[in-house]
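Here's the structure, in structure tokens; my notes come after.
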Amino acid sequence: MLLHLSTWPEVEAYLTRSQGIILPIGSTEQHGPTGLIGTDAICAEAIARGVGEATQALVAPCINVGMALHHTAFPGSISLRPSTLILVIRDYLISLTKAGFTRFFFINGHGGNIATLKAAFSESYAVLADLNLPQADQVRCQVANWYMCGAVYKRAKELYSDQEGSHATPSEVAVTQYMYPEVIKHAPLSPEVSKDHRIYGAADFRRRYPDGRMGSNPALATPNHGKQLYELAVKELSHSYLEFLEME
């Protein structure tokens with residue numbers, strides 16, 4: 001059940017049986033010479049919809065722009081500041097809590113969002129309490145990073161070994177290829193690729209990672225790999241979501 005394709009009476013009826021909602025969040029940022037700029041959002045949205053179907057959960061529209069300031073030296077990348085993203089998440093949670101939701105399960109596709117999401121949850125709990133919203137003390141938030149699912153991580157290592165890397169990875173590129181086979185990209189990739197540097201500002205990032213990749217070889221990706229990884233993520237996160245609903 002997709003929120004943006006539902007009517008308000010349908011959402012009101014949904015709330016009589018569940019107060020949980022899945023919120024996909026990604027990023028709009030460079031993913032090397034062959035990775036789609038929307039990779040993180042594409043993966044999060046697709047997997048969230050799969051989890052929603054498997055668990056009969058309501059799925060919110062994807063938050064497509066995240067915290068990606070370190071990628072903004074590459075054309076096409078868009079970022080929110082951490083402080084802005086915190087406010088966005090806080091406003092989402094206020095609106096949905098007023099409607100009666102109390103369980104917010106964020107399926108995340110971008111590592112740069114993690115710290116900001118956790119900060120946003122802490123701030124939101126305090127704001128909801130200060131607003132004296134009904135059920136504010138029952139609100140729970142959780143971030144689930146699809147690429148960190150145990151089964152996904154294991155399969156990616158089996159497929160790509162140390163060429164998985166940590167950004168513009170073959171695993172995430174494979175999922176986008178599975179979802180959008182008509183826009184698979186090809187480009188020359190140098191065999192040597194930087195990895196393991198600390199991340200500072202955007203200019204420093206581009207200097208250290210000149211083509212945008214971080215230790216990865218996305219040329220190894222295939223749509224079939226993407227299907228496998230997608231299905232593993234949906235299965236594991238469906239279980240995690242149902243467990244989350246039972247939290248006290």
Side-chain angles (χ1 to χ4, degrees), residues 2 22-57 59-64 66 68 71 105-114 117 142-187 189 193 195 211-244:
L2 302 179
I22 297 170
L23 299 99
I25 180 169
S27 184
T28 298
E29 65 186 45
Q30 69 83 20
H31 274 77
T34 60
L36 305 179
I37 286 176
T39 290
D40 291 344
I42 290 168
C43 293
E45 181 175 43
I47 292 166
R49 289 188 178 196
V51 174
E53 290 176 5
T55 62
Q56 297 300 298
V59 180
C62 186
I63 302 172
N64 290 302
H71 291 290
F105 192 75
F106 287 78
I107 293 183
N108 177 46
H110 173 51
N113 289 338
I114 298 172
L117 280 171
Q142 183 168 309
V143 56
N145 307 299
W146 76 266
Y147 50 89
M148 294 179 69
C149 290
V152 171
Y153 183 84
K154 179 182 178 183
R155 186 63 182 136
K157 286 299 182 182
E158 291 170 348
L159 291 169
Y160 313 122
S161 187
D162 60 355
Q163 296 188 76
E164 167 71 351
S166 57
H167 180 67
T169 63
S171 58
E172 61 185 346
V173 170
V175 174
T176 66
Q177 290 179 346
Y178 171 56
M179 300 309 303
Y180 293 98
E182 70 277 13
V183 291
I184 293 174
K185 309 293 184 179
H186 302 281
L189 298 175
V193 61
K195 60 180 180 181
D211 74 353
R213 294 179 295 149
M214 299 176 70
S216 64
N217 182 6
L220 300 176
T222 71
N224 179 262
H225 292 168
K227 181 176 186 292
Q228 295 175 47
L229 296 164
Y230 165 85
E231 290 175 349
L232 289 169
V234 167
K235 181 178 180 179
E236 187 165 327
L237 292 179
S238 295
H239 180 72
S240 297
Y241 175 71
L242 293 175
E243 283 190 333
F244 174 61

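Only this structure's heavy atoms are used, side chains among them; waters, hydrogens and symmetry mates stay out.
Under the 4.5 Å side-chain criterion, counting only non-hydrogen atoms from C-beta, Cys43 is not in contact with Leu229. Side-chain contact between Asp40 and His31: present, with at least one pair of heavy atoms (C-beta onward) separated by less than 4.5 Å. Taking 4.5 Å as the limit, every side-chain heavy atom of Tyr160 sits out of range of all side-chain heavy atoms of Asn217. Residues Leu237 and Cys149 meet the side-chain proximity criterion, which asks for heavy atoms closer than 4.5 Å. For the pair Val59 and Pro24, the minimum side-chain heavy-atom distance is below 4.5 Å.
A donor-acceptor pair is defined here as one N or O able to donate and one able to accept, closer than 3.5 Å; such a pair exists between the side chain of Asn108 and the backbone of His110. For the pair Thr55 (side chain) and Ser238 (backbone), a donor-acceptor distance under 3.5 Å is absent. Side-chain N or O atoms of Thr169 include none that pairs as donor or acceptor with a backbone N or O of Ser166 at under 3.5 Å. At distances below 3.5 Å, at least one donor-acceptor pair connects side-chain atoms of Glu236 with backbone N or O atoms of Gly150. Here the side chain of Glu164 pairs no donor or acceptor atom with the backbone of Lys157 at under 3.5 angstrom.
Of the inter-residue distances, the one linking Leu117 atom CG with Ile114 atom CD1 reads 8.0 Å to the nearest 0.5 angstrom. Between the CE atom of Met179 and the CG atom of Leu36 there is a distance of 12.0 Å, given to the nearest 0.5 Å. To the nearest 0.5 Å, atoms CD1 (Ile42) and OG (Ser27) are separated by 11.5 Å. Note that CG of Leu220 is 9.0 Å distant from CG of Leu159, once rounded to the nearest 0.5 Å. Interatomic distance, CD1 of Ile107 versus CG of Leu23, reported as 9.5 Å (0.5 Å rounding). Between atom CD of residue Gln142 and atom CD1 of residue Ile22 there is a gap of 11.5 Å, rounded to the nearest 0.5 Å.
Residues meeting the ring-ring contact (aromatic ring centres under 6.0 Å, His included) test with His71, sequence neighbours left out: His167, Phe205. The ring-ring contact (aromatic ring centres under 6.0 Å, His included) test applied to Phe105 returns Tyr241, Phe244, not counting sequence neighbours. Shown here are the salt bridge (Lys or Arg N to Asp or Glu O under 4.0 Å) partners of Glu45, two or more places apart in sequence or in another chain: Arg49.
When all heavy atoms are compared, the tightest approach of Gly50 to Tyr230 is CA-OH, 3.5 Å. In terms of heavy-atom proximity, Thr34 sits nearest to Pro218 at OG1-CG, 3.6 Å. Of all heavy-atom pairs between Ala151 and Leu232, the closest is O-CD1, 3.7 Å. Closest non-hydrogen pair, Asn64 versus Thr28, comes out as O-OG1, 2.9 Å. Ala168 and Arg213 get closest at one heavy-atom pair: CB-CG, 4.0 Å. Looking at every heavy atom in both residues, Tyr178 comes nearest to Gly226 through CB-C, 3.8 Å.
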Q: Under the side chain to side chain contact (heavy atoms under 4.5 Å, CB included) rule, what do Phe106 and Asn113 come out as? Steps first, then yes or no, please.
A: CA-CA 11 Å; Phe106 287 78; Asn113 289 338; over 6 Å; no
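The only option from Lys235, Gln228, Lys227 that meets the side chain to side chain donor-acceptor pair (under 3.5 Å) definition with Glu231 turns out to be Lys227.
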